[in-house]
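Beneath this line is the structure, given in structure tokens, with notes to follow.
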Amino acid sequence: VASSEEVSDLSDAVAASQEDLDELLANSSVFSGDVNINSTATLAAFKSIGSGLAIVNGNVIITTNADMVHADVQAVVDQILTVTKDFTYTSHASTYAETTFNNLSGVQTLTLKQGGGYKAQGLVSATNIVLNDTWESNVTIVDLRGLTTVTNLSNEGVANGVLKFNKATEMHLTSLAKF
């Protein structure tokens, strides 16, 4: 039979372990589940998570609207480093400020629709990359300079390997040895 002192020591150790576990979970950079931002309220909620979005174990779906402050959208996107499933970003208008995805390093499928350009300079690997060309007259740059591995790369709705932006003055696929 354990003494009351031993039971107390064991209880204290369990409490200390729980505090350590709570701290680890609070500082965890893995978010399990989907990130779906489609309103100012959901934008504020995910922005408050901050670096807890570094690794998203799920999908990321961001659909902007005119009420969203672009700096907040960019702040959330900047926190996301890896997505285990798909990342879809849809701007509501070609005139909405360009969002950059330079901190993103890996994703299954990256689907982007916006004006201005497509910049994912830190993206190293993806299975599929689909760049929407609805506003191709506003797309001045496609910058995937860090990309080393991709299976499918194209504009939306066209054959793999077709990437056409007539007004773009820069196209960077610098690290992609062969496609």
Would you say [X]'s side chain and [Y]'s backbone share a donor-acceptor pair under 3.5 angstrom?
X: N65; Y: M68; value: yes
X: N103; Y: D78; value: yes
X: D34; Y: N59; value: yes
X: Q114; Y: G117; value: yes
X: Q74; Y: T100; value: yes
X: S29; Y: A54; value: no
X: T40; Y: D67; value: no
X: T84; Y: G58; value: yes
X: T90; Y: T63; value: no

Distance from W135 atom CH2 to T95 atom OG1, nearest 0.5 Å? 8.0 Å
Determine the minimum heavy-atom distance between V73 and Y96, stating which atoms define it. CG2-OH, 3.5 Å
Can you name the closest pair of heavy atoms from S154 and N160 and give their distance?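 Nearest pair, atom of S154 first, then N160: CB-CA, 4.1 Å.
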Taking the side chain as every heavy atom from C-beta outward, state whether [X] and [Y] have any atom pair closer than 4.5 Å.
X: N36; Y: N38; answer: yes
X: L176; Y: V150; answer: yes
X: Q121; Y: F101; answer: no
X: D143; Y: Y118; answer: no
X: L153; Y: L144; answer: yes
X: V124; Y: L147; answer: no
X: V83; Y: L104; answer: yes
X: E170; Y: T140; answer: no

Would you call K119 and E98 a salt bridge, using N to O less than 4.0 angstrom? yes
Would T127 and Q108 satisfy side-chain hydrogen bond (donor to acceptor under 3.5 Å, both in side chains), going step by step from the backbone distance to the final call? CA-CA 5 Å; T127 303; Q108 286 297 311; 3.2 Å; yes
What I want to check is whether the side chains of N138 and S94 have a donor and an acceptor closer together than 3.5 Å. yes
Same apolar cluster (I L V M F W Y, side chains within < 4.5 Å links), I37/V69: no
Give the cluster check for I49 versus I80: same hydrophobic cluster or not, with ILVMFWY residues linked at side-chain heavy-atom distances below 4.5 Å.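 As far as the 4.5 Å side-chain criterion goes, I80 and I49 are connected within one cluster.
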Given the rule in the side-chain hydrogen bond (donor to acceptor under 3.5 Å, both in side chains) test, do T99 and Y89 qualify, once you have shown the distances and angles that lead to the verdict? CA-CA 9 Å; T99 300; Y89 176 88; 2.8 Å; yes
Going by the side-chain contact (heavy atoms from CB on, under 4.5 Å) test, name the single residue among L131, L112, V130 that passes it with E156. V130
